Amino acid sequence: MSNERRGGSRRDSGDGQQPRRPSRSGKPGGKQGGQNFRGGSSAKSRAQANAPRRRPAKPTEPARDVHVEDGVRLQKVLAQAGLGSRRASEELIANGRVEVDGQIVTELGVRVDPATAVIHVDGLRIQLDQNKVTIALNKPLGVVSTMDDPKGRPTVADLIKNREERLFHVGRLDADSEGLLLLTNDGELANRLSHPKYQIAKTYLVTVEGEVYPRVGRELLKGVELDDGVAKMDAVHVLQQIDGFAMLEVVLHEGRNRIVRRMFDAVGHPVTRLVRTRIGPIPLGDLKAGRTRVLGRTELGTLMNAVDL
């Protein structure tokens, strides 16, 4: 079977709404901050992991035959993955928008093995295994990021007990922190999201004590010395300051324990509230505390692209 290079573009997933601004111990409605600090070129590239990424173009190479004689027709695989009817899937193939194992496929007779094929549509990876699921959870205050707690505290497991899948969380949030957690039964996705190689940026809405001056933002970007080494933020934006409190939006790819709180402690601004609002391209949006949502095809595709799946 012959294959051709494709045109076509990837659809971006939209952002949801940000959490309501905290009052008092969170964030009062006072003077606007407007201070926006961003790291150098390497930090900027890490912060850009927040946005869905287009897969890098591959160098031109001879077309390979991806046809599997006893496989399933590609249009049927796409339809079963939720890309629309078989007719709509045929149009995707004919228009050069489907890639199988790194090859653009435009012929309708191609068969593939759904268990092993890596398929992208408009640059987004398609999850073919319907048994795999990834969900977003808005972790409330006081819940620990474990599946079991010997102290009897509420856990993430309590919030997903209605799910039949055996899910495990990606990363952690302290009991006194809130916001976005991802849970999945896709081991490869979880491993890559946790691996420092992929430098997945995380965004937080942080309320701290004291007025935050520009030098503090510069110090956080340059790096502060902690007991386990220097830690840097990728971006710091002061949103508002009033009555001895400041609210900031910060971006960093660090995954060390309590890293945001420890960094602000190091610069003399203890955190009074911390909400994670984004992991890579996935926003918390308007998801209510304690609730979950399954990532849709586009969101999951952008997340998989972020870790080169």
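In what follows, every heavy atom counts, from backbone to side chain, and hydrogens, waters and symmetry copies are set aside. If you're wondering where the values come from, they're calculated on a predicted model, not measured in any experiment. Numbers here simply count residues along the sequence, with the first being 1.
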Evaluate the side-chain proximity of Val110 to Val66: yes if any heavy-atom separation is below 4.5 Å, no if none is.
yes

For the residue pair Leu124 and Glu299, establish whether any side-chain heavy-atom pair is separated by less than 4.5 Å.
no

side-chain contact (heavy atoms from CB on, under 4.5 Å) partner of Ile135, the single match among Leu295, Thr184, Asn185, Leu183:
Leu183

Is any side-chain heavy atom of Glu178 closer than 4.5 Å to a side-chain heavy atom of Leu173?
no

Is it true that, when you exclude Lys76 itself, more than 12 heavy atoms of the residues, nucleotides or ligands shown sit nearer than 6.0 Å to its NZ?
no

Pick from Leu221, Leu252, Val251: which one makes a side-chain contact (heavy atoms from CB on, under 4.5 Å) with Val236?
Leu221

Is there a path of hydrophobic side-chain contacts, each under 4.5 Å between heavy atoms of I, L, V, M, F, W or Y residues, that connects Leu181 with Phe168?
no

Between the NE2 atom in His269 and the CE atom in Met263, the distance rounded to the nearest 0.5 Å is 12.5 Å

Salt bridge or not for Glu249 and Arg278, using N-O below 4.0 Å?
no

Check: Asp113 side chain, Ala117 main-chain N or O, donor-acceptor pair, under 3.5 Å
no

So, does Asn191 use its side chain to make a donor-acceptor pair with the main chain of Gly187 at under 3.5 Å?
yes

Are the side chain of Asn95 and the backbone N or O of Arg97 linked by a donor-acceptor pair below 3.5 Å?
no

Which atom names give the shortest non-hydrogen contact between Gly109 and His67, and what distance separates them?
O-CE1, 3.6 Å

For residues Arg258 and Ser177, is any side-chain donor paired with an opposing acceptor at under 3.5 Å?
no

If we only count heavy atoms from C-beta on, is the Val98 to Ile119 side-chain gap below 4.5 Å?
yes

Please tell me whether Val260 and Leu141 are part of a single hydrophobic cluster in this structure, the criterion being side-chain heavy atoms less than 4.5 Å apart.
no

Quick check on the hydrophobic clustering: are Ile259 and Val212 connected, directly or via other members, by side-chain heavy-atom contacts under 4.5 Å?
yes

Dump the intermediate steps for side-chain contact (heavy atoms from CB on, under 4.5 Å) on Gln241 and Tyr213, then the final yes or no.
CA-CA 10 Å; Gln241 306 199 80; Tyr213 295 102; over 6 Å; no

d(Glu165 CD, Asn131 CG) to nearest 0.5 Å is 8.5 Å

Side chain His169, main chain Ser145, donor-acceptor under 3.5 Å:
yes

Testing the basics here: between Gly179 and Val275, what is the closest heavy-atom pair and its distance to 0.1 Å?
CA-CG1, 4.1 Å

Less than 4.0 Å between a side-chain N and a carboxylate O, is that true for Asp228 and Arg256?
yes

In short, Lys232 meets Lys222 closest at the heavy-atom pair CE-O, 3.1 Å

Close side-chain approach of Met147 to Thr155, heavy-atom, < 4.5 Å:
no

Any side-chain to backbone donor/acceptor pair from Arg276 onto Leu180? Under 3.5 Å, distance only.
yes

Reported CG-to-CZ distance for the pair Leu205 and Arg273, which is rounded to 0.5 angstrom:
7.5 Å

Assess the residue pair Leu182 and Ile282 against the criterion (side-chain contact (heavy atoms from CB on, under 4.5 Å)); give the C-alpha distance rounded to whole Å, side-chain angles, the decisive distance to 0.1 Å, and a yes or no.
CA-CA 9 Å; Leu182 296 178; Ile282 308 302; 4.2 Å; yes

Between Gln130 and Gln80 (side chain of the first, backbone of the second, donor and acceptor by atom type, cut-off under 3.5 Å), is there such a pair?
yes

Taking C-beta and beyond as the side chain, do Val105 and Leu74 meet within less than 4.5 Å on heavy atoms?
yes

Run the side-chain contact (heavy atoms from CB on, under 4.5 Å) check on Leu193 and Leu303 step by step: do they pass?
CA-CA 9 Å; Leu193 287 171; Leu303 186 62; 3.6 Å; yes

Check step by step if side-chain contact (heavy atoms from CB on, under 4.5 Å) holds for Gln127 and Leu300.
CA-CA 8 Å; Gln127 177 57 264; Leu300 182 58; 3.8 Å; yes

Determine whether Leu189 and Val118 fall in the same hydrophobic cluster, where Ile, Leu, Val, Met, Phe, Trp and Tyr are linked whenever their side-chain heavy atoms lie under 4.5 Å apart.
no

Of all heavy-atom pairs linking Ser89 and Ala79, the shortest is OG-N, 3.5 Å

Glu188/Arg192 ion pair, N-O < 4.0 Å
yes

What I'd like to find out is whether the side chain of Thr203 reaches to under 4.5 Å of the side chain of Val250, using heavy atoms alone.
no

Looking at every non-hydrogen atom in both residues, tell me the closest pair between Lys288 and Asn138 and how far apart they are.
O-CB, 3.4 Å

Are Arg261 and Asp176 ion-paired here, with the side-chain N under 4.0 Å from a carboxylate O?
yes

Would you find a donor on one side and an acceptor on the other, under 3.5 Å apart, between the side chain of Gln75 and the backbone of Leu108?
yes

Is there side-chain contact between Leu128 and Val77, with at least one heavy-atom pair below 4.5 Å?
yes

Output the distance between atom CG (Asp148) and atom OG1 (Thr146), rounded to the nearest 0.5 Å.
6.5 Å

Mind checking the CZ-CG spacing from Arg87 to Leu92? Nearest 0.5 Å is all I need.
11.0 Å

Nearest-0.5 Å distance that lies between atom CG in Leu159 and atom CG in Asn162
9.5 Å

same_hphob_cluster(Val144, Val156) at 4.5 Å side-chain heavy-atom cutoff:
no

Give me the atom names and distance for the closest heavy-atom approach of Ala306 to Pro281.
CB-CD, 4.3 Å

